[in-house]
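We name chains A, B, ... by the order of the sequence lines, and we start the count at 1 in each one.
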Number of protein chains: 2
Amino acid sequence: MPVRTLTEREKNILGLVVKAFIHDAAPVGSRTLVRRFGLELSPATVRNTLNDLEEAGLLEQPHTSAGRIPTDLGYRVYVDVLMSPVELSLGEQAVIRDAISGEIHGYGRDAATILDQTVRALGDLTRLLAVSLEPRLEKGIFEKIELVALGGPKILAVLTIAKGFLRTVVLELDARVDSDSLHETAQLLNERLSGLPMRAIRESVRERMRDASAGDPKILKLILSNSEELFALPSTEGNIHYWGTPHILVLPEFAEPERIVSLMGALEEKDVILRILGRRRGEKGLTITIGEENREGEIQFCSIVSSHYTAGEGSGTVGVLGPTRMEYSKLVSIVDYTARIMSEVLEQVVYTADKGKDSAIVREDRSR
Amino acid sequence: MPVRTLTEREKNILGLVVKAFIHDAAPVGSRTLVRRFGLELSPATVRNTLNDLEEAGLLEQPHTSAGRIPTDLGYRVYVDVLMSPVELSLGEQAVIRDAISGEIHGYGRDAATILDQTVRALGDLTRLLAVSLEPRLEKGIFEKIELVALGGPKILAVLTIAKGFLRTVVLELDARVDSDSLHETAQLLNERLSGLPMRAIRESVRERMRDASAGDPKILKLILSNSEELFALPSTEGNIHYWGTPHILVLPEFAEPERIVSLMGALEEKDVILRILGRRRGEKGLTITIGEENREGEIQFCSIVSSHYTAGEGSGTVGVLGPTRMEYSKLVSIVDYTARIMSEVLEQVVYTADKGKDSAIVREDRSR
DNA sequence: GCTTAGCACTCTCACCCCGAGAGTGCCAGC
DNA sequence: GCTGGCACTCTCGGGGTGAGAGTGCTAAGC
């Protein structure tokens with residue numbers, strides 16, 4: 001969306017309108033502007049400029065004879081051109097750092113817990129809705145598989161995927177198996193598949209295992225018939241962690257219950273949030289989408305400031321969601337810093353691929 | 001709370017008031033009552049009875065010259081004495097059954113997914129907030145442990161606990177280990193510990209493993225120093241699955257934003273919901289708590305109809321949360337049926353103990 | 001003695017009106 | 001190009017009002 005070049009005065013006034021509106025949530029008029037910011041201009045002059053900015057599509061009036069409020073485009077210009085990031089205080093940095101890297105009651109820390117703590121701190125600090133996607137692999141190199149007899153006809157397949165990912169799948173055979181043949185079969189698989197990309201394995205595992213000499217053929221068959229799931233790339237879907245709905249639901253922007261409904265619906269349904277944040281997994285660095293720039297209609301009255309973080313070979317997204325009227329200049333710094341610290345901390349953690357909340361069961365008879 | 005014996009007429013009228021109020025969310029007066037339900041009484045007579053019920057603490061007036069609304073105690077009497085469960089239609093049964101036992105895009109089904117689908121169906125069917133706690137073990141018998149080398153210094157401990165529970169914990173040693181010594185160590189552990197209650201193992205694992213002859217002493221030490229976590233009973237905490245906030249947030253009961261805030265806070269914080277539902281894990285069968293009966297202040301304007309379900313040796317809770325003005329007679333049947341089907345379906349599923357969303361990492365040097 | 005009709009009274013709610021306040025656009029003059 | 005002045009517009013809150021619903025009380029009826 002091309003915007004005509006703005007004069008210095010226009011830029012200045014646009015910036016002031018945005019700042020004032022972010023603060024007050026009320027339309028801002030020429031008089032207020034002059035008084036509050038000590039402008040060396042008369043209200044009438046400012047009015048002319050406001051009019052120009054309105055024609056350029058950057059401001060709008062809720063009704064005749066109200067003040068102006070920024071449009072989505074107005075925020076966009078503000079964010080891209082006018083705003084300068086606010087540096088974080090040491091205290092704020094500490095809040096974020098401690099939340100992400102702090103110990104919790106003596107237990108081991110896993111990715112999900114770290115994300116939980118992060119969104120908690122981020123949500124409370126910004127008093128908005130903090131959201132984060134669990135890390136996912138972009139490309140996966142198969143390291144190895146281990147097969148563990150669970151007792152009865154159930155087998156646990158443990159896959160390690162470079163780097164630091166773990167997948168466990170419960171498979172079910174129609175007969176007991178002894179752990180020697182499990183071990184042997186796993187070894188065979190590892191010999192032939194280790195180091196290959198998951199994608200390649202899915203496509204060619206049958207050929208690669210064709211003339212298998214060792215190993216238990218029943219087990220091998222079970223593996224092959226479930227190879228699509230076993231060797232899937234960790235799915236692009238994943239868990240969402242969020243925190244802070246109480247913060248944003250009281251904002252004047254959520255006075256209309258229908259907005260509450262669509263936002264909460266989007267959070268529960270997860271798809272919307274996943275699409276929006278997932279889309280950014282690829283984009284490095286910080287992203288800001290404002291209002292209608294969010295393709296998803298459910299939250300077109302919201303803005304999102306989010307950033308990409310890495311976790312070993314995987315990557316995820318962390319950000320803050322709120323009404324378009326949010327303190328972008330501050331949030332940019334906060335989110336950026338958060339993502340940075342997350343990347344540092346998550347470097348070391350092993351985490352499960354896919355939802356991994358429970359072990360999925362795959363029965364033998366599901367083979368085609 | 002002892003309530004004086006009610007006359008037939010009082011019971012009848014109390015029931016009608018509750019029914020009418022559940023339907024309309026508006027105070028109900030004598031005239032309405034007579035007209036709507038074709039009572040063979042004059043409004044004046046009904047008024048006298050209403051007055052009596054008010055004195056008994058079962059009804060109240062929002063203000064003089066408004067109709068009556070039920071008090072929490074009024075609902076309690078209704079639920080305990082007056083109400084008879086409404087049978088479910090076959091269609092409703094099918095909705096629930098299909099959601100719980102239905103296949104999903106060809107993948108294996110795990111407990112978490114089943115719970116997700118269940119609360120989704122339950123929330124949409126009742127148009128309230130459906131909540132469920134993942135199944136937890138009440139007493140745990142240790143079956144066996146397997147140790148899998150993950151590559152590098154990391155080891156995956158896979159514990160199976162009777163019946164159908166799985167726990168995976170990532171342990172970290174300061175040196176590489178070969179899988180033979182892992183296997184040997186695991187075998188030793190299994191020989192001495194298999195069949196014992198988790199609790200007993202936590203208390204006496206050191207003595208039991210004292211004169212260990214086989215196995216790698218470093219690995220054994222790692223296991224011992226993390227025995228509290230490894231052999232913990234699956235924690236009483238767990239994941240909450242819920243669905244339906246958009247349904248209830250639009251109800252007139254949630255007109256005041258502070259209620260939205262406290263409910264959403266409770267859902268995000270999880271503790272409140274966990275306490276309320278967790279408390280019932282022990283109680284078999286169906287439970288109804290109404291308004292202030294919920295000890296937790298945050299949701300004293302809500303009622304919960306919940307039931308206990310089993311999953312192998314484990315058990316969990318499923319229920320519906322809404323304003324005290326809810327269709328108890330219908331919900332009782334729905335929740336009861338849901339819990340029953342869940343118990344059937346979950347009988348077969350293997351699920352992870354504890355949060356298990358990711359594998360926890362326990363480093364060797366954390367030993368005391 | 002329970003039930004009922006009648007009546008006076010109360011309280012809420014929706015509606016309307018009105019004035020204050022904030023803000024605008026425009027125009028003429030500096 | 002900027003500014004002061006002016007007429008105009010729109011929202012918002014307060015106050016008044018009447019309809020509607022409901023109550024409690026009392027006295028009369030079955």
Between A:Lys330 and A:Glu87 (salt bridge meaning N to carboxylate O under 4.0 Å), is one present in this structure?
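Salt bridge absent between A:Lys330 and A:Glu87.
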Taking the basic N atoms (NZ, or NE/NH1/NH2) and the acidic carboxylate oxygens, is any pair closer than 4.0 Å for B:Arg325 and B:Glu253?
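Result for this pair is yes, salt bridge flagged.
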At 4.0 Å (heavy atoms only), tell me whether A:Asn51 reaches a base, stays on the sugar-phosphate, or touches nothing.
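Sugar-phosphate, no base atom in range.
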Just checking A:Thr64: base, sugar-phosphate only, or nothing, at a heavy-atom cut-off of under 4.0 Å?
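Here A:Thr64 touches the backbone only, sparing every base.
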Tell me the interatomic distance from [X], atom [atom1], to [N], atom [atom2], rounded to whole angstroms.
X: A:Leu39; N: D:dT3; atom1: CG; atom2: C1'; result: 15 Å
X: B:Arg9; N: C:dT4; atom1: CZ; atom2: C1'; result: 12 Å
X: A:Ile69; N: C:dA22; atom1: CD1; atom2: P; result: 19 Å
X: A:His63; N: C:dA22; atom1: NE2; atom2: C1'; result: 9 Å
X: A:Ile13; N: C:dT24; atom1: CD1; atom2: P; result: 11 Å
X: B:Asn48; N: D:dC25; atom1: CG; atom2: C1'; result: 10 Å
X: B:Leu50; N: C:dT4; atom1: CG; atom2: C1'; result: 15 Å
X: A:Leu53; N: C:dT24; atom1: CG; atom2: P; result: 12 Å

Per [X] side chain, nearest of listed nucleotides [options]:
X: A:Arg47; options: C:dT3, D:dG24, D:dC6; answer: D:dC6
X: A:Gln61; options: C:dG25, C:dT4, D:dT3; answer: C:dG25
X: A:Ala44; options: D:dG5, C:dT4, C:dT12; answer: D:dG5
X: A:Ser65; options: C:dT4, D:dG22, C:dA22; answer: C:dA22

State whether B:Thr32 places a side-chain N or O below 4.0 Å from either non-bridging phosphate oxygen (OP1 or OP2) of D:dG22.
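Yes.
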Is any side-chain N or O of B:Arg68 closer than 4.0 Å to OP1 or OP2 of D:dG24?
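B:Arg68 to D:dG24 OP1/OP2: side-chain N or O found under 4.0 Å.
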Can you label the angle between the B:Phe254 ring and the B:Phe301 ring as parallel, tilted or perpendicular, going by 30° and 60°?
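It falls in the perpendicular class, over 60°.
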Is atom CZ of A:Arg295 surrounded by more than 12 heavy atoms (other residues, nucleotides or ligands) closer than 6.0 Å?
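No, not enclosed.
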Would the number of heavy atoms belonging to other residues, nucleotides or ligands and lying under 6.0 Å from CD of B:Glu256 be above 12?
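Counting neighbours around CD of B:Glu256, more than 12 heavy atoms of other residues, nucleotides or ligands fall under 6.0 Å, so yes.
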